[in-house]
Asks: 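The following block contains the structure, expressed as structure tokens.
Just so you know, these numbers use all the heavy atoms, side chains as well, and skip hydrogens, waters and symmetry mates.
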Amino acid sequence: MVIFAKKEKTMNFTSIEALYKIFKETIGVTTDTRKIEPNSMFFALKGPNFNANTMVEMALEKGASYAVVDEEEFATKPNIFYVKNVLKALQDLANYHRKQFKIPIIGLTGSNGKTTTKELINNVLSKKYKTHATKGNLNNHIGVPLTLLSMPMDTEIGIIEMGANFVGDIKGLVNICEPTHGLITNIGKAHLEGFGGIEGVKKGKGELYDWLGEHNGILFVNVENNTLVELANQRTFHKKVEYQKEGSLINLQMETEIPFVNYRDSKGKLVETHLPGKYNFENIVNALAIGSYFGVTEKDANDAIANYSPDNNRSQFIHKDTNLVLLDAYNANPSSMSAAISNFNNLKAEKKMVILGDMFELGEEGPKEHELLGELISKCKFDFVLLTGNLMQHALFHLPKAYYFPDKFGLHNWLQDHQPIDSHILIKGSRGMGLESCLAFV
């Protein structure tokens, strides 16, 4: 890639190696003018509704030492570098930084549980190693480069979460982060609109397996997940690490899943967690298997799991007056929604209420999947079912007694007028629904 800075009318050509030297002089990169720190390097990205090329002067005024643009007219100073494509430059720089490390890089993806699994793996491995993991869910074509570029040189293991909406997304991300080890949490009905159906999800997520198979990578597979076993068996790997079977790294049984997952270690000691549901037990198993592979002691690994508390609207139990709320409003798809509803149905409680919002990015399958969700709910024992969003009306076919609100305004008003008391409440919907707002009314 060719990069050049503009100074008056003279162009000074340089290379990605030279840009990397400049990067090493800074505290790191940023793409958000609201988060500029002194001596940072600003990358002027473009989006459908913004063009950060126009914000370069502001970034420099706020303390950025350098900026990278892809519109020549904005390269007006020696410390503003002009490239053909800022996003590509950011990704290339991240890959160049990644190549400076000769350490394990664990790449993980999946339809559900990516972020929780990443956090658990990080908690476990940090008991023995200096780790660097994706912050929050910075797992896309911008977030992965930012994660890599913030990785300190003394990192011993990197943990990179990768999300995808379309076939080809994971392929692009693994080419940037070049994982040495990999894990798919599961394959489910997520982003069906972009993937074109469940087979597209398998192909898209399987791009991580493709990379590992082609680059002598090491794969981790929970053999209790038949879909993952099938995908793995379709490929050849340098090394495949299987678990949850006799004689493998770990083979754990869940004691309870409600309200929280409890399991026993190899010595029979009960390990109590703050995570609800069988779906979270699978996330725990993945983290413990990777911890065992990398030599973390069983005690340290179990302590790391037991001490982890979810946040950011993910599987959070929150006490609100006399109510106990399970807030799981960060995201939703048919697989995760069904698991959460089934788990909540099994919870022993005097009164139960579910507040559910639309599941997005399902394309033509949206109406059908919401109707199927209604069918599932009809078999559960909930005192109140509150539904909101345009798509949730399709669930009403099976739920004549449910309360339906086209928007959250009506939902909030109903909750104010019918304040739940002594109830267990599940709140779940896609991120765009923002159902955490209901917390103020329960």
Side-chain angles (χ1 to χ4, degrees), residues 1-98 115 132-152 160-166 169 172-173 175-177 194 312 330 360 431-432 434:
M1 182 181 69
V2 177
I3 303 166
F4 55 95
K6 182 176 180 181
K7 184 178 181 181
E8 297 175 349
K9 295 183 179 180
T10 303
M11 297 296 179
N12 297 315
F13 289 85
T14 186
S15 64
I16 190 67
E17 291 83 357
L19 187 61
Y20 185 70
K21 289 179 181 178
I22 295 168
F23 159 74
K24 294 294 286 183
E25 296 174 4
T26 70
I27 64 164
V29 304
T30 182
T31 61
D32 189 339
T33 55
R34 297 167 298 180
K35 300 177 181 178
I36 296 290
E37 294 185 40
N39 194 31
S40 59
M41 191 175 196
F42 177 68
F43 279 74
L45 296 174
K46 292 178 181 176
N49 303 310
F50 67 92
N51 179 0
N53 282 270
T54 64
M55 304 174 187
V56 169
E57 290 294 339
M58 180 193 303
L60 295 176
E61 289 173 3
K62 286 188 172 184
S65 297
Y66 302 95
V68 181
V69 300
D70 52 16
E71 293 185 12
E72 188 177 341
E73 63 186 282
F74 295 101
T76 57
K77 297 179 180 179
N79 58 342
I80 302 177
F81 294 88
Y82 169 68
V83 298
K84 184 177 181 180
N85 184 298
V86 168
L87 176 59
K88 182 66 164 56
L90 178 70
Q91 294 171 340
D92 287 350
L93 187 66
N95 179 251
Y96 191 89
H97 182 58
R98 184 266 175 269
T115 300
H132 179 76
T134 302
K135 290 184 179 179
N137 71 322
L138 289 173
N139 60 17
N140 65 4
H141 61 297
I142 298 172
V144 167
L146 292 177
T147 296
L148 289 169
L149 287 167
S150 64
M151 187 159 64
I160 310 298
E161 177 186 339
M162 295 176 288
N165 296 326
F166 301 92
D169 284 354
L173 296 178
N175 282 327
I176 297 170
C177 70
N312 198 25
Y330 189 84
F360 294 157
R431 179 85 302 269

Asks: Working to the nearest 0.5 angstrom, can you tell me the gap between L87 CG and H141 NE2?
Replies: 5.5 Å
Asks: Looking at L173 and G163, what are the two nearest heavy atoms and their distance?
Replies: CD1-O, 3.4 Å
Asks: P152 and H132: which non-hydrogen atoms are nearest, and at how many Å?
Replies: CD-ND1, 3.7 Å
Asks: Are the side chains of I36 and S40 in touch, meaning some heavy atoms are under 4.5 Å apart?
Replies: yes
Asks: First locate atom CG of N51, then atom CZ of F74, and finally report the distance between them rounded to the nearest 0.5 Å.
Replies: 6.0 Å
Asks: Kindly compute the distance separating CD (Q91) from CZ (R98), expressed to the nearest 0.5 Å.
Replies: 16.0 Å
Asks: Taking the side chain as every heavy atom from C-beta outward, state whether L60 and I80 have any atom pair closer than 4.5 Å.
Replies: yes
Asks: Could you tell me which non-hydrogen atom of G136 sits nearest to which non-hydrogen atom of T115, and how far apart they are?
Replies: O-CG2, 3.7 Å
Asks: Judged by modelled atom types alone, do E37 and T30 share a side-chain donor-acceptor pair under 3.5 Å?
Replies: no
Asks: Could you tell me whether the side chain of N79 and the main chain of Y66 form a donor-acceptor pair under 3.5 Å?
Replies: no
Asks: Do F81 and I22 have side-chain heavy atoms sitting under 4.5 Å apart?
Replies: yes
Asks: Going by side-chain contact (heavy atoms from CB on, under 4.5 Å), M162 matches just one of D169, V144, T147, I176. Which one?
Replies: V144
Asks: For the pair F23 and H97, name the ring-plane relationship: parallel under 30°, tilted 30 to 60°, perpendicular over 60°.
Replies: perpendicular
Asks: Quick one, L90 and L149 - any side-chain contact, counting heavy atoms below 4.5 Å?
Replies: yes
Asks: Do the side chains of L146 and V29 get nearer than 4.5 Å, heavy atoms only?
Replies: yes
Asks: Say whether, by atom type as modelled, one donor and one acceptor occur between the side chain of T26 and the main chain of M41 under 3.5 angstrom.
Replies: no
Asks: If you round to the nearest 0.5 Å, how far is CD1 of I160 from OG1 of T134?
Replies: 4.5 Å
Asks: Quick one: does L19's side chain get under 4.5 Å of Y96's, heavy atoms only?
Replies: no
Asks: Any chance you could measure F42, atom CZ, to E57, atom CD, to the nearest 0.5 Å?
Replies: 11.5 Å
Asks: Identify the heavy atoms of A59 and T33 that sit nearest to each other, and give their distance.
Replies: CB-CG2, 4.4 Å
Asks: Decide whether N53 and D70 meet the rule of one side-chain donor and one side-chain acceptor closer than 3.5 Å.
Replies: yes
Asks: Hey, what do you get for CG (N165) to CG (N140), rounding to the nearest 0.5 Å?
Replies: 8.5 Å
Asks: Shortest non-hydrogen contact from V86 to V69?
Replies: CG2-C, 3.4 Å
